[in-house]
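All heavy atoms count here, side chains included; hydrogens, waters and symmetry mates do not. We're numbering straight along the sequence, starting at 1.
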Amino acid sequence: MTLSEVFLWPGTKACEKMGVDPEGEAGLLRWMVNTLVYLVLCLIVVWVLVV
């Protein structure tokens with residue numbers, strides 16, 4: 001498993017669960033899921049470091 005596959009894993013699993021191909025037109029869906037996952041993780045990290 002490459003580093004890029006590790007970073008794209010949440011969106012890929014979400015697409016597979018919904019039954020769509022993450023490599024096709026659903027790439028935007030994978031991008032959105034990954035963005036939301038990493039946004040929440042980064043906000044938690046920032047919150048922990050600041051508070």
Give every donor-acceptor pair under 3.5 Å between a side-chain atom in residues 7-20 and any protein atom, sequence neighbours left out.
residue : atom : partner : partner atom : Å
Thr12   : OG1  : Leu8    : O            : 2.9
Lys13   : NZ   : Glu16   : OE1          : 3.2

(request) Kindly write out the residues that satisfy side chain to side chain donor-acceptor pair (under 3.5 Å) with Glu23, not counting sequence neighbours, or none if the list is empty. (result) Arg30
If you round to the nearest 0.5 Å, how far is [atom2] of [Y] from [atom1] of [X]?
X: Leu39; Y: Asn34; atom1: CG; atom2: CG; answer: 12.0 Å
X: Leu49; Y: Ile44; atom1: CG; atom2: CD1; answer: 12.0 Å
X: Tyr38; Y: Leu43; atom1: OH; atom2: CG; answer: 14.5 Å

(message) Starting from Leu3, can I reach Leu41 by hopping between I/L/V/M/F/W/Y residues whose side chains sit under 4.5 Å apart?
(response) yes
(request) Give the cluster check for Val40 versus Val51: same hydrophobic cluster or not, with ILVMFWY residues linked at side-chain heavy-atom distances below 4.5 Å. (result) yes
